[in-house]
Amino acid sequence: MLDIQLLRSDLDGVAARLATRGFVLDTARFGDLEAQRKSIQVRTQELQSKRNSASKLIGQAKARGEDTTAIMAEVALVGEELKSIEVQLMELQSELQKMLEGLPNLPHESVPLGKSEADNLEVRKVGRMPVFDFAVKDHVELGESLGGLDFETAAKISGARFSVLKGGVARLHRALAQFMLDTHTDSHGYTEVYVPYLVNADSMRGTGQLPKFEEDLFRVPRQMGEGGEQNFYLIPTAEVPVTNIVRDEIIPVEQLPLKYVAHTPCFRSEAGSAGRDTRGLIRQHQFEKVELVQIVHPDVSYAALEQLLGHAETILQKLGLYYRVVRLCTGDIGFSSATTYDIEVWLPAQNTFREISSCSNFEAFQARRLQARFKSGTGKPELLHTLNGSGLAVGRTLVAILENNQLADGSISIPEVLRPYMGGLEVLSAN
RNA sequence: GGAGAGGUGGCAGAGUGGUCGAAUGUACCUGACUCGAAAUCAGGCGUAGGCUUAUACCUACCGAGGGUUCGAAUCCCUCCCUCUCCGCCA
């Protein structure tokens, strides 16, 4: 959420910056709502003040045993007007709130201008593109012939966009997650957290998934007492529960930065991506991810972003995967993000790079919704900055290992760093 | 699932219709005392919003939402959460 004070003081400036990411801010409507809000709020507070002081007088008069009918008649009139004007004020404020919640974050000045994915900026390529002296197979073919990937059974159990992993492939998948967690906790200073996979609407609102992106989520209705109904939502990323750890909290400045890593499943409805990436593990309703979250002082959030990006890259380097880092342009960054780097891994079977991590600085956008603040000594509480990044998407990393490490006979050479997690296995082959 | 207790400021904890945004303690900040510190004493110390050049002033907030009333932390209704005991259970 943006600071409403900023919209009041520099509406056109905000509109211009939002325009760079293709968002049209209805400045006339905002100005209109604000003007109404202002006059009605002033009037409301005036009336409340009148009522309060009259009520005080009544109390004092009664204490002295005096007659109060005259003043009570007077204040009754105030009450009438108050009742209707308070309703108006509430409606206006919820209109404004709705509008505000629908505004995406302002891109940082350094974000390259652009309309779409095509305008993203390649920052660097790292590693060496693997060369094969045989025809490469894709991960589906490899996984199935290893007896470790079964989409038909998954379709029977659940439907499209689910998978069943078996044997060595299932273990490799687990090994990847363990390796990532261990690396981030042992070498990068993150604290491992285990968090709920079902969260409430407040948490989804806090990180920006709600109200705008409800159709991307799996909602789990929940019957409460006496006809009450509330929803749980399956998390689309660990970002949601982990970042919400600091919702409504005031963190002492000396505890910063908070660095958390969590390994969770992620659930996405993939509404609107029908027909895209239907083959294989690339786009699933359920997948695993190791997520890095940092909660930091505003002064250091951009340094923290570079650091976090480096932590994610380390995983790829240790796995020996070829990848590139891409700076997303204004037209392609996510709703809540001020700056985003994507890491894309090389997939030889597709002859292309595919996203395997996304690292973002949200600045105070999420913190404002979350009321996540820090306090130093005597100072007032201030909003924190929040960041996160995948470190990495486990399913897609598995795809990358299968495809990049395939041998001519369809077996897979296990990266050295994973072997301790695989009982020392060096090559994964059928049976 | 059954029975009970409770949700108040950073924390602890008073407050059952009228100067209560809230006693008191503690933490924190400032000052005095001290060579310095501790102890002690004095003062300050919630959040959000409005209006304002600025002070000042005003409004809202005592788990959430609704209601009664001239007036609600306090009374009524609904919901949520926490704790204790019993039962069941991975």
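The shown structure was predicted, so the numbers you read here are calculated from the model rather than taken from an experiment. Residue numbering restarts at 1 for every chain, and letters A, B, ... go by the order of the sequence lines.
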Please report, rounded to the nearest Å, how far the [atom2] atom of [N] is from the [atom1] atom of [X].
X: A:Gln60; N: B:G17; atom1: CD; atom2: P; result: 19 Å
X: A:Gln48; N: B:C57; atom1: CD; atom2: P; result: 18 Å
X: A:Leu92; N: B:G49; atom1: CG; atom2: P; result: 18 Å
X: A:Glu46; N: B:C51; atom1: CD; atom2: C1'; result: 11 Å
X: A:Glu249; N: B:G46; atom1: CD; atom2: C1'; result: 16 Å
X: A:Leu96; N: B:A48; atom1: CG; atom2: C1'; result: 16 Å
X: A:Gln41; N: B:A48; atom1: CD; atom2: P; result: 15 Å
X: A:Ile71; N: B:G18; atom1: CD1; atom2: C1'; result: 13 Å

- Query: For B:U59, does OP1 or OP2 lie under 4.0 Å from any side-chain N or O of A:Asn52?
  - Reply: yes
Is A:Lys38 near enough to B:G50 that one of its side-chain N or O atoms lies under 4.0 angstrom from OP1 or OP2? no
How many angstroms lie between atom [atom1] of [X] and atom [atom2] of [Y], to the nearest 0.5 angstrom?
X: A:Ile235; Y: A:Arg268; atom1: CD1; atom2: CZ; answer: 10.0 Å
X: A:Glu141; Y: A:Leu402; atom1: CD; atom2: CG; answer: 12.0 Å
X: A:Ile343; Y: A:Leu309; atom1: CD1; atom2: CG; answer: 5.0 Å
X: A:Ser158; Y: A:His285; atom1: OG; atom2: NE2; answer: 9.5 Å

Nearest to the [X] side chain among [options], which nucleotide is it?
X: A:Arg373; options: B:G66, B:C70, B:A48; value: B:A48
X: A:Gln45; options: B:G66, B:G49, B:G71; value: B:G49
X: A:Arg222; options: B:G50, B:C81, B:U59; value: B:C81
X: A:Ser55; options: B:C70, B:A60, B:G66; value: B:C70

Between [N] and [M], how many Å separate the two [atom1] atoms, rounded to a whole number?
N: B:U74; M: B:U19; atom1: P; result: 14 Å
N: B:G9; M: B:C62; atom1: C1'; result: 9 Å
N: B:G13; M: B:U8; atom1: C1'; result: 9 Å
N: B:A22; M: B:A37; atom1: C1'; result: 36 Å
N: B:G63; M: B:C11; atom1: P; result: 13 Å
N: B:G18; M: B:C76; atom1: P; result: 16 Å
N: B:G71; M: B:C20; atom1: C1'; result: 13 Å
N: B:U26; M: B:G65; atom1: P; result: 34 Å

Residues in residues 5-14 of chain A with a heavy atom under 4.0 Å of RNA chain B, by number, are A:Gln5, A:Arg8
Between A:Ile250 and A:Asp3, whichever has its closest RNA chain B nucleotide further toward 5' is A:Ile250
Residue pair A:Ala76/A:Gln371 against RNA chain B: nearer the 5' end by closest nucleotide is A:Gln371
- Task: Step by step, work out the side chain to side chain donor-acceptor pair (under 3.5 Å) result for A:Gln366 and A:Thr243.
- Result: CA-CA 9 Å; A:Gln366 291 181 329; A:Thr243 309; 4.6 Å; no
Given the options A:Glu249, A:Arg247, A:Arg205, A:Leu370 meets side-chain contact (heavy atoms from CB on, under 4.5 Å) only with A:Arg247
Scan every strand shown for a Watson-Crick or G-U wobble partner of [N], both distances under 3.5 Å, and answer none if you come up empty.
N: B:G1; answer: B:C86
N: B:U69; answer: none
N: B:U40; answer: B:A32
N: B:A60; answer: B:U47
N: B:U53; answer: none
N: B:A12; answer: B:U24

Could you tell me whether A:Lys62 contacts a base, only the sugar-phosphate backbone, or nothing, with contacts defined as non-hydrogen atoms closer than 4.0 Å? base
(Q) Over all strands shown, is A:Arg43 touching base, sugar-phosphate only, or nothing at heavy-atom distances under 4.0 angstrom? (A) nothing
Using the ring of each side chain (for Trp, its six-membered ring), is A:Phe374 parallel, tilted or perpendicular to A:His297, with breaks at 30° and 60°? tilted
Tested for side-chain hydrogen bond (donor to acceptor under 3.5 Å, both in side chains) against A:Tyr190, the lone hit among A:His311, A:Lys259, A:His184 is A:His311
Sorted by chain and residue number, the salt bridge (charged side-chain N to carboxylate O under 4.0 Å, His left out) partners of A:Arg219 (sequence neighbours excluded) come out as A:Glu214
Original post:
Do A:Leu398 and A:Leu165 come close enough that some side-chain heavy atom pair is under 4.5 Å?
Top reply: yes
